[in-house]
Amino acid sequence: MKQKKLLSIFMAFVMVISLMPLYVSAVKKGISLNKSVMTMMEGSTFLLEAAVKGIDDYDISWSSSNKNVAAVSKSGNVTAKSTGTAIITAKVKGTSYKARCTVTVRTVTSADFEDYSSITIDENSYSLTFEDDFDGTELDSTKWKRCNQEKRQNLNGWWDDSMSYLDGNGNLIIEMSYDGESDRFLSGGVESKGLFEQAYGYFEIRCAVNNVPGYWTAFWLMGDSVLDETEGGKNGTEIDIMETPYYSTGEVQNTLNWDGYGDAHKSEGEVSKLDIYDGEYHTFSLLWKEDEYVFYTDGIETWRTDAQKALGVCEVPLYMIISSEMGTWAKGLDSKNLPDYMKVDYVRVYA
């Protein structure tokens with residue numbers, strides 16, 4: 001009896017061990033999305049990305065529970081159609097593995113553009129500290145000055161005063177052009193250095209970015225303290241709220257740079273697949289808190305970081321820069337595609 005009992009226990013143990021690989025394999029297999037819940041404004045788009053584990057060769061099918069509210073393409077690109085809620089489902093074909101994202105679409109109202117003296121984000125209220133709607137025909141010298149006319153990056157690109165101006169229709173124009181006589185690529189840049197600087201708060205730009213590849217537009221925060229190579233980014237971080245060097249791949253980047261621009265330079269960033277190279281206006285925003293940065297495009301969160309690689313969040317005031325420039329990073333600039341323009345509708349800052 002004792003031997004039979006031991007044999008029974010042994011066989012049960014062997015069975016459990018033999019089943020473990022199947023259990024582990026099943027646990028490892030699956031599909032997940034980069035967003036499970038999100039709110040979108042009518043007309044906006046967002047690329048849902050699927051991560052599949054435990055399956056080497058697979059195809060994904062996409063579907064929407066209500067195409068009239070939110071449609072989804074074969075590649076996972078979601079387009080907000082009308083107010084309501086829809087569930088976007090990604091399924092690994094030939095399996096039962098599914099992942100879902102609940103999309104709520106809201107209407108763009110006049111309040112989105114008119115009632116902006118204060119805003120509420122994450123249940124915290126912020127009041128307007130800076131705004132420019134770029135009305136008139138002359139740049140407001142109490143808020144902005146043109147960036148120094150100087151060579152930029154590692155190619156023959158220069159910031160030039162003539163490339164930054166108002167169009168008289170409520171837009172700041174940041175131009176990119178080619179000057180054949182000097183063989184220079186000229187681009188625009190304006191900054192609030194010495195006029196407006198702020199630590200913490202909410203920063204937002206509404207603009208239409210570059211329409212051709214080979215250069216990039218940017219909305220970024222900067223300070224002289226960024227050149228300091230001590231204490232990481234706490235005493236100075238270049239914060240790139242948006243950079244658009246990825247025209248050919250349809251991506252936008254959020255970036256942190258600290259410890260100067262020499263051998264000690266460090267950086268960290270996040271690239272998001274977003275359909276912003278369409279000639280339309282989009283909003284790019286940063287919520288700068290004492291313990292983290294939160295980046296948004298068209299109201300959708302694209303990156304949240306506590307900046308631990310930089311030893312913490314920047315603690316000193318920074319000024320704003322709106323610019324365009326060229327460099328090997330952006331790739332493929334052809335003078336035949338120029339001039340091209342970045343159009344800025346407004347900049348607003350809250351604290």
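Just so you know, these numbers use all the heavy atoms, side chains as well, and skip hydrogens, waters and symmetry mates. Throughout, residue positions are numbered sequentially from 1 according to the sequence presented. The structure displayed is predicted, hence computed values, not measured ones.
For the residue pair Glu42 and Ser82, no side-chain donor N or O sits within less than 3.5 Å of a side-chain acceptor on the partner. Side chains of Tyr165 and Glu175: a donor on one and an acceptor on the other come within 3.5 Å. Ser225 and Asp228 form no side-chain donor-acceptor contact under 3.5 Å, judged by distance and modelled atom types alone. Side-chain contact annotation: Asn156 with Trp158, donor-acceptor N/O pair under 3.5 Å present. With hydrogens and angles left out, the side-chain atoms of Tyr296 and Asn254 include no donor and acceptor closer than 3.5 Å. Defined by atom type and a distance below 3.5 Å, a donor-acceptor pair is present between the side-chain atoms of Asp340 and Tyr215. Side-chain atoms of Thr283 and Ser285 include no donor-acceptor pair closer than 3.5 Å. No hydrogens or angles considered: nothing links the side chains of Gln198 and Tyr200 as a donor-acceptor pair under 3.5 Å.
A 4.5 Å side-chain heavy-atom check between Ile173 and Lys343 finds at least one atom pair inside the cut-off. Contact annotation: the side chain of Val294 approaches that of Glu301 to within less than 4.5 Å [non-hydrogen atoms, C-beta and beyond]. Counting heavy atoms from C-beta on, the side chains of Arg304 and Phe295 never come closer than 4.5 Å. Using a 4.5 Å cut-off on side-chain heavy atoms (C-beta onward), Phe46 and Lys35 make contact. Between Val212 and Leu338, some side-chain heavy-atom pair lies under the 4.5 Å cut-off. Residues Ile60 and Val52 have side chains in contact (heavy-atom distance under 4.5 Å, counting atoms from C-beta outward). Val78 is not listed as a side-chain neighbour of Thr45, based on a closest heavy-atom distance of 4.5 Å or more. Between Tyr281 and Asp298, every side-chain heavy-atom pair lies at or beyond the 4.5 Å cut-off.
Checked by atom type and distance alone, the side chain of Ser324 never pairs as donor or acceptor with a backbone atom of Met176 at under 3.5 Å. Distance alone, capped at 3.5 Å, places no donor-acceptor pair between the Asp179 side chain and the Asp183 backbone. Glu197 places a side-chain N or O within donor-acceptor distance of the main-chain N or O of Gly194, the cut-off being under 3.5 Å. In this structure, the side chain of Asn66 engages the main chain of Asn68 through a donor-acceptor pair within 3.5 Å. At distances below 3.5 Å, not a single donor-acceptor pair connects side-chain atoms of Ser118 with backbone N or O atoms of Ser127. The closest donor-acceptor contact from the side chain of Tyr350 to the backbone of Tyr116 lies under 3.5 Å. In this structure, Thr244 contributes its side chain and Thr217 its backbone to a donor-acceptor pair below 3.5 Å. Between the side chain of Asn34 and the backbone N or O of Glu49 there is at least one donor-acceptor pair closer than 3.5 Å.
Atom CG of residue Leu318 and atom OG1 of residue Thr237 lie 7.5 Å apart, to the nearest 0.5 angstrom. Rounded to the nearest 0.5 angstrom, Met242 CE and Ile239 CD1 are separated by 15.0 Å. How far CD of Gln253 is from CH2 of Trp303: 8.5 Å, rounded to the nearest 0.5 Å. With rounding to the nearest 0.5 Å, the separation of CG in Asn210 from OG in Ser187 is 11.5 Å. We find the CD1-OH distance between Ile205 and Tyr346 to be 9.5 Å, quoted to the nearest 0.5 Å. To the nearest 0.5 Å, atoms CD (Glu131) and CG (Asp140) are separated by 10.5 Å.
In summary, the aromatic rings of Trp144 and Phe130 are positioned with their centroids under 6.0 Å apart.
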(message) Please determine whether salt bridge (charged side-chain N to carboxylate O under 4.0 Å, His left out) holds for the pair Asp224 and Lys193, giving the CA-CA distance in whole Å, both sets of side-chain angles, and the decisive distance to 0.1 Å.
(response) CA-CA 10 Å; Asp224 293 339; Lys193 183 177 182 179; 3.3 Å; yes

query = How far apart are the C-alpha atoms of Ser75 and Asn77, what are their side-chain angles, what is the distance that settles it, and do they pass the side chain to side chain donor-acceptor pair (under 3.5 Å) test?
reply = CA-CA 6 Å; Ser75 60; Asn77 196 49; over 6 Å; no

- Item | Residue pair Lys234, Val313: steps toward the side chain to side chain contact (heavy atoms under 4.5 Å, CB included) verdict | CA-CA 5 Å; Lys234 293 178 67 176; Val313 171; over 6 Å; no

#### Entry: Check against side chain to side chain contact (heavy atoms under 4.5 Å, CB included), Glu315 and Asn235
CA-CA 6 Å; Glu315 299 175 348; Asn235 64 343; over 6 Å; no

In sequence, state the C-alpha distance, the side-chain angles, and the governing distance for Thr302 and Leu274, and then conclude on side chain to side chain contact (heavy atoms under 4.5 Å, CB included). CA-CA 10 Å; Thr302 55; Leu274 295 167; 3.9 Å; yes

* Could you check Tyr277 against Tyr247 for ring pair (Phe, Tyr, Trp, His ring centres under 6.0 Å), going step by step and ending with a plain yes or no? => CA-CA 7 Å; Tyr277 302 93; Tyr247 177 93; 5.4 Å; yes

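Atom NZ of Lys98 has 12 or fewer heavy atoms from other residues, nucleotides or ligands within 6.0 Å. For Glu138, the CD atom sits in a loose shell: 12 or fewer heavy atoms of surrounding residues, nucleotides or ligands are nearer than 6.0 Å.
Hydrophobic clustering (side-chain heavy atoms under 4.5 Å, transitive across Ile, Leu, Val, Met, Phe, Trp, Tyr) keeps Ile241 apart from Ile321. Under the 4.5 Å side-chain contact rule for hydrophobic residues, Trp288 and Leu256 share a cluster. In terms of hydrophobic clustering, with Ile, Leu, Val, Met, Phe, Trp and Tyr side chains grouped at heavy-atom distances under 4.5 Å, Trp258 and Val226 are assigned to different clusters. The hydrophobic clustering, which links ILVMFWY residues whose side-chain heavy atoms are closer than 4.5 Å, places Tyr58 and Leu33 together. Residue Leu47 is not grouped with residue Ile88 when hydrophobic side chains (ILVMFWY) are merged at heavy-atom distances under 4.5 angstrom, including chains of intermediate members.
Remark: Arg184 fails to qualify as a cation-pi partner of Tyr178 under the 6.0 Å distance and 45° angle criteria applied to the six-membered ring.
Between Tyr97 and Thr95, the closest heavy-atom pair is N-OG1, 3.1 Å. Closest non-hydrogen pair, Val72 versus Ser64, comes out as CG1-N, 4.0 Å. When all heavy atoms are compared, the tightest approach of Ile300 to Thr39 is CG1-O, 3.8 Å. Heavy-atom minimum distance, Cys314 versus Tyr293: N-OH, 2.8 Å. Between Trp159 and Gly188, the shortest heavy-atom distance links the atoms NE1-O, 3.6 Å. In terms of heavy-atom proximity, Cys147 sits nearest to Asp161 at O-OD1, 3.8 Å.
Between Glu292 and Lys289 there is a salt bridge, since a side-chain N of the basic residue sits under 4.0 Å from a carboxylate O of the acidic one. In summary, Asp345 and Arg206 engage in a salt bridge, as defined by a charged side-chain N under 4.0 Å from a carboxylate O. Salt bridge status for Glu150 with Arg152: present, with a side-chain N to carboxylate O gap under 4.0 Å. For Asp133 and Arg348, the salt-bridge test passes: some basic side-chain N is under 4.0 Å from an acidic carboxylate O.
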Validation: residues 262-273 side-chain donor-acceptor distances under 3.5 Å, sequence neighbours left out:
unit_1, atom_1, unit_2, atom_2, d
His265, NE2, Asn257, OD1, 2.9
Lys266, NZ, Asp259, OD2, 3.0
Lys266, NZ, Ala264, O, 3.1
Lys273, NZ, Thr249, O, 2.5

